[in-house]
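Read the structure below first, then the notes.
To find a chain, count down the sequence lines: A is the first, B the second, and so on, and within it residues start at 1. Just the heavy atoms: all of them, side chains too, but no hydrogens, waters or symmetry mates, feed the values below.
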Number of protein chains: 2
Amino acid sequence: MAGRIMPKVSKRDQLIEGTKELLWEVGYEAMSPRDIQEKSAARPGSLYHHFSSKLAIAEAALDEAAAEDIARLEQLFLGNAPPLEMVRNYLLLKREAFRGCRFGRLAHEASIEHEELRRPVAAYFDAVRTHLARCLKQARADGTLRMGLDPENLAVSLIALIQGGYVIARSFKDEALFSQAIEGALALLAEASRSKRASNSSGGSAQRS
Amino acid sequence: MAGRIMPKVSKRDQLIEGTKELLWEVGYEAMSPRDIQEKSAARPGSLYHHFSSKLAIAEAALDEAAAEDIARLEQLFLGNAPPLEMVRNYLLLKREAFRGCRFGRLAHEASIEHEELRRPVAAYFDAVRTHLARCLKQARADGTLRMGLDPENLAVSLIALIQGGYVIARSFKDEALFSQAIEGALALLAEASRSKRASNSSGGSAQRS
DNA sequence: GTCTATAGGGGGATAGAC
DNA sequence: GTCTATCCCCCTATAGAC
């Protein structure tokens with residue numbers, strides 16, 4: 001049993017892992033080095049051997065988290081569904097409204113002014129924005145999204161929608177509000193993508209291919 | 001100079017005022033009783049004479065803040081502009097993107113689970129939601145907003161949009177993203193509003209902050 | 001690399017004089 | 001009502017043995 005060739009999880013990895021969890025659960029400021037140590041079954045000596053400070057280990061953990069989620073996004077947006085459908089699917093991803101976004105939740109802490117923390121957070125959002133903007137641009141090009149709608153602006157709106165959804169759900173202690181926010185936006189998007197095939201003569205001629 | 005009949009600002013009021021500012025600046029958890037005392041030129045004795053705990057004074061301050069802002073909302077939504085214009089105007093209110101919403105910023109703290117804090121936060125958002133939903137409902141009734149768009153859902157979406165706008169602006173350290181999020185939503189709304197009047201004022205929101 | 005022991009400072013609150 | 005003085009605990013490390 002014990003003789004297996006084990007990857008041998010180092011204390012360093014355990015510490016990083018514990019920190020990732022804590023950053024999501026409680027954020028940066030409310031997370032103490034002691035909390036990390038307990039969650040990782042480690043002692044101060046280990047923590048400060050591998051990392052110079054709480055900020056340093058948080059940076060490492062957050063960099064890892066961002067890399068993970070950015071990679072997952074690549075997968076998500078890889079398919080070849082119609083671009084607007086991709087956007088819809090992204091909005092409808094299963095999310096734990098109360099848990100919040102592990103990046104967005106840090107945005108309101110004063111510590112977000114540490115570039116070490118802000119950089120990975122911004123990197124994650126930038127990846128989302130890029131994917132969404134690309135889909136929306138494509139949708140506009142192929143005629144499923146109306147002109148006059150700026151894909152870049154819209155992408156930011158949708159990211160904000162999700163982040164705000166967490167805020168509202170937590171404030172009302174009601175997960176349903178998260179879904180409501182998403183549904184409202186989906187309905188708007190549907191209106192904005194309603195084909196030009198109807199009597200509305202807003203200039204478009206493109207039909208579904 | 002000093003002989004004027006002064007309203008005599010009590011230490012209690014100073015403490016509340018200082019707490020309101022701090023809750024906005026740094027949030028609940030990062031605000032220490034000592035911070036409050038310094039900001040209010042008061043001493044522990046005063047604080048704990050008037051309030052039983054940090055939580056108690058935060059509750060009092062937050063209740064006051066919510067009452068203020070709910071009253072301001074009443075004024076805002078009092079005019080008799082077309083309902084959809086009211087909504088647009090609300091979205092275009094001047095906001096300090098980096099400062100964030102003094103209610104929404106608390107939503108991600110673990111302490112939001114204290115009902116004392118959550119109640120005023122939810123009360124504020126509920127007021128916004130009610131006003132927006134009423135406008136949107138009216139707009140749908142008078143034909144300026146398409147059927148098929150649920151006013152309740154949409155109201156939640158718009159609140160989320162704003163709250164998320166703060167998150168994104170802070171994450172990217174870029175106020176322009178707040179405006180971008182708003183613009184994106186305004187464009188969507190414009191598409192969803194039926195241009196029954198010949199004079200097409202939709203989409204021409206003209207000013208950016 | 002990981003441990004135990006310890007340190008300086010601030011957090012949240014109380015006691016009691018005035 | 002407001003003040004000064006003080007308390008205990010936890011936060012963020014640091015030192016040094018193993």
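- For B:Glu113 and A:Lys173, the salt-bridge test fails: no basic side-chain N is under 4.0 Å from an acidic carboxylate O.
- Dashed line: the shortest gap from a side-chain N or O of A:Ser46 to OP1 or OP2 of C:dC3 is under 4.0 Å.
- One interatomic measurement links the two molecules: CG of B:Leu47 to P of D:dT2, which rounds to 11 Å at whole-angstrom precision.
- When the options A:Tyr124, A:Trp24, A:Tyr166 are evaluated for a ring-ring contact (aromatic ring centres under 6.0 Å, His included) with A:Phe103, the one that passes is A:Tyr124.
- Nucleotide D:dT14 holds its C1' atom 18 Å from the NZ atom of A:Lys54, rounded to whole Å.
- Where A:Gly45 and A:Asp35 meet DNA chain D, the nucleotide closest to each residue was compared, and A:Asp35 sits on the side nearer the 5' end.
- Remark: the A:Glu183 side chain and the B:Asn153 side chain contain no N/O donor-acceptor pair separated by less than 3.5 Å.
- Across the protein-nucleic acid pair, B:Leu15 atom CG and C:dG12 atom C1' stand 15 Å apart, rounded to whole Å.
- Here the CG-CZ distance, from B:Leu22 to B:Arg102, works out to 12.5 Å after rounding to the nearest 0.5 Å.
- The phosphate of D:dC10 (OP1 or OP2) has no side-chain N or O of A:Ser32 nearer than 4.0 angstrom.
- Atom CD of A:Gln37 and atom P of D:dC11 are 10 Å apart (whole Å).
- To the nearest angstrom, C1' of D:dT14 lies 18 Å from CZ of A:Phe51.
- Ranking D:dC3, C:dC3, D:dT14 by closeness to the B:Ala42 side chain, first place goes to D:dC3.
- Rounded to whole angstrom, the span from the CD atom of A:Glu38 across to the P atom of C:dC3 amounts to 13 Å.
- Side-chain nitrogen and oxygen atoms of B:Tyr48 include at least one within less than 4.0 Å of the OP1 or OP2 phosphate oxygen of C:dA13.
- Rounded to an integer number of Å, the gap from B:Arg43 CZ to C:dA15 P is 20 Å.
- Taking the side chain of A:Pro33 as heavy atoms from C-beta on, and the options D:dT12, D:dT14, C:dA13, the nearest nucleotide is D:dT12.
- Judged by the 6.0 Å and 45° rule, B:Lys54 forms a cation-pi pair with B:Tyr28.
- When the side-chain nitrogen and oxygen atoms of A:His49 are compared with OP1 and OP2 of C:dC3, none of them lie within a distance under 4.0 Å.
- With hydrogens and angles ignored, no donor-acceptor pair under 3.5 angstrom links the side chain of B:Arg34 to the base of C:dG10.
- Between the NZ atom of A:Lys11 and the P atom of D:dC18 there is a distance of 20 Å, rounded to whole Å.
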